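Reviewing the structure listed below.
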Amino acid sequence: MDYQYKTEGTCSQMIQFHLEGNIVSGIRFYGGCNGNLQAIARLVDGMSVEEIESKLKGISCGGGPTSCGDQLARAVRYAYDHPEGIS
């Protein structure tokens, strides 16, 4: 299923991704640091929700409590736990 997640507290505004079972693919960030976010998306493509959480959850940016990577970890976990959809 395809999901859209509105980020909070980051330069990116939204993340789109596909979740099949617990495998995440097709990640796309809107806004933010384009090169870095493309790299994150490629590096975690095909990983499980748990693998993404273990690598990205809790990372902060710019002195704030979250980052685009942390938001991705939150997004995929929420989507996995709420298969009816998010926006």
Side-chain angles (χ1 to χ4, degrees):
M1 178 178 258
D2 292 323
Y3 292 92
Q4 291 184 358
Y5 183 83
K6 185 173 174 11
T7 59
E8 295 181 13
T10 61
C11 297
S12 65
Q13 292 87 35
M14 185 174 57
I15 307 169
Q16 287 183 323
F17 57 93
H18 182 80
L19 184 62
E20 188 71 35
N22 74 333
I23 303 300
V24 181
S25 63
I27 302 160
R28 181 165 177 171
F29 288 86
Y30 293 87
C33 304
N34 187 41
N36 290 331
L37 295 176
Q38 283 184 59
I40 290 172
R42 288 182 188 181
L43 288 169
V44 301
D45 190 67
M47 287 187 179
S48 69
V49 169
E50 296 80 11
E51 289 172 313
I52 292 172
E53 283 181 312
S54 73
K55 294 185 182 303
L56 301 177
K57 186 177 179 183
I59 294 174
S60 63
C61 181
T66 190
S67 66
C68 294
D70 180 62
Q71 289 289 296
L72 176 60
R74 293 177 191 207
V76 299
R77 170 51 66 189
Y78 190 89
Y80 183 74
D81 289 345
H82 300 88
E84 68 277 1
I86 59 175
S87 60

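Here the structure is a predicted model, which means the values were calculated and not measured. Residue numbers start at 1 and run along the sequence shown.
The same ILVMFWY cluster, assembled from side-chain heavy atoms under 4.5 Å apart, contains both F17 and Y80. By the rule that hydrophobic residues join a cluster once side-chain heavy atoms approach within less than 4.5 Å of another member, L56 and I23 end up as members of separate clusters. Criterion: ILVMFWY side-chain heavy atoms under 4.5 Å apart, direct or through other members. Under it, M47 and M1 are part of a common hydrophobic cluster. Each of V24 and L43 belongs to its own hydrophobic cluster when Ile, Leu, Val, Met, Phe, Trp and Tyr are linked at side-chain heavy-atom distances under 4.5 angstrom. Neither Y30 nor V76 shares a network with the other; the hydrophobic side chains, linked directly or stepwise wherever heavy atoms of I, L, V, M, F, W or Y lie under 4.5 Å apart, form separate groups for each.
Atom CZ of residue R42 and atom CD1 of residue I40 lie 12.5 Å apart, to the nearest 0.5 angstrom. The distance from the CD1 atom of I27 to the CD1 atom of I15 is 8.5 Å, given to the nearest 0.5 Å. Interatomic distance, OH of Y5 versus CD of Q16, reported as 14.5 Å (0.5 Å rounding). Summarising the geometry, atom CZ belonging to R28 is positioned 13.0 Å from atom CG belonging to D2; distances are rounded to the nearest 0.5 Å. Rounding to the nearest 0.5 angstrom, the gap separating the CG atom in L72 from the CZ atom in F29 is 4.5 Å. Taking CD of Q13 as the start and CD of Q71 as the end, the distance is 11.5 Å to the nearest 0.5 Å.
Shown here is Q38, whose CD atom has more than 12 heavy atoms of other residues, nucleotides or ligands within 6.0 Å.
Ionic pairing of R77 and E50 is present here: one or more N-O contacts between side-chain nitrogen and carboxylate oxygen are shorter than 4.0 angstrom.
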Pair V49, L19 - check side-chain contact (heavy atoms from CB on, under 4.5 Å), show working. CA-CA 9 Å; V49 169; L19 184 62; 3.9 Å; yes
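No donor-acceptor pair closer than 3.5 Å links the side chain of T10 to the backbone N or O of C68.
The minimum heavy-atom distance linking R74 with P65 is given by the pair NH2-O, 4.2 Å. Listed here is the closest heavy atom pair of D70 and G58: OD1-N, 2.7 Å. Here the closest heavy-atom approach between residue G64 and residue S60 is recorded as O-CB, 3.0 Å.
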